[in-house]
Amino acid sequence: DDVENKNNGPPESLYREFYHFDFMQASKFISHIAAVAHNNNHYPSIQLERRLHSKKGNSKKGAWQVVTTVKCRTPTLQGLSHHDFYIALMVDVEIARPSVQQFLLSDEQSQRKHT
């Protein structure tokens, strides 16, 4: 997980990006993470977007990536609570499951698909 830290103060959020083969696979992944959040009564920010990934050494258009960002933060604290760490841990546990891995591209697969 990555940590968002502005102005060299304490960390404000934990976030992680996930890459998907297509928008539908990303939507299924989001549904799964939403269920985990609901069951734990703590809700991360979940963003789904398509990004243009420029190819190195190629002046032509790059390929599109489908990316989900899961960001754990407690707005009332303007930072992190133990609930954020727990949800981040639960996301890590879930992505290790084969039933969830089917919605994700590995780092290697993402690099091959988008280069």
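Predicted, not measured: the structure shown is a model, and the values here were computed from it.
Leu48 and Val66 get closest at one heavy-atom pair: CD1-CG1, 3.8 Å. Residues Gln102 and Ser99 share a closest heavy-atom pair of NE2-O, 2.9 Å. The minimum heavy-atom distance between Leu80 and Ser13, with the atom names listed, is CD2-CA, 3.6 Å. What you find for Phe103 and Gln25 is that their closest heavy atoms are CD2-OE1, 3.1 Å. Considering every non-hydrogen atom in both Pro44 and Cys72, the closest pair reads CB-SG, 4.0 Å.
Not counting sequence neighbours, the partners of His42 by the ring pair (Phe, Tyr, Trp, His ring centres under 6.0 Å) test are His83. Evaluation of the side chain to side chain donor-acceptor pair (under 3.5 Å) rule for Thr74 yields Ser81, Asp84 as partners, not counting sequence neighbours.
Annotation: side chain of Val91 is in contact with side chain of Phe18 (closest heavy-atom distance under 4.5 Å). Under the 4.5 Å side-chain criterion, counting only non-hydrogen atoms from C-beta, Gln78 is in contact with Arg73. Considering only heavy atoms from C-beta on, Gln65 stays 4.5 Å or farther from Glu17 through its side chain. Residues Asn39 and Met90 form no side-chain contact, since every pair of their non-hydrogen atoms from C-beta on lies 4.5 Å or further apart.
Between the CZ atom in Arg16 and the OG1 atom in Thr69 there is a gap of 12.0 Å [rounded to 0.5 Å]. To the nearest 0.5 Å, the span separating CD1 on Ile87 from CG on Leu14 amounts to 11.5 Å.
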Sequence neighbours excluded and cut-off under 3.5 Å, please list the side-chain donor-acceptor pairs for residues 26-37, or say none.
from, atom 1, to, atom 2, distance (Å)
Ser27, OG, Phe23, O, 3.0
Ser31, OG, Ser27, O, 3.2
His32, NE2, Glu94, OE1, 2.7

Review point. Checking side-chain contact (heavy atoms from CB on, under 4.5 Å) for the pair Leu52/Trp64: CA distance, chi angles, key distance, verdict?
Key: CA-CA 5 Å; Leu52 189 58; Trp64 287 99; 4.0 Å; yes

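Tyr86 OH: 12 or fewer foreign heavy atoms inside a 6.0 Å radius.
Gln101 places a side-chain N or O within 3.5 Å of a backbone atom of Ala96 that can act as its donor or acceptor partner.
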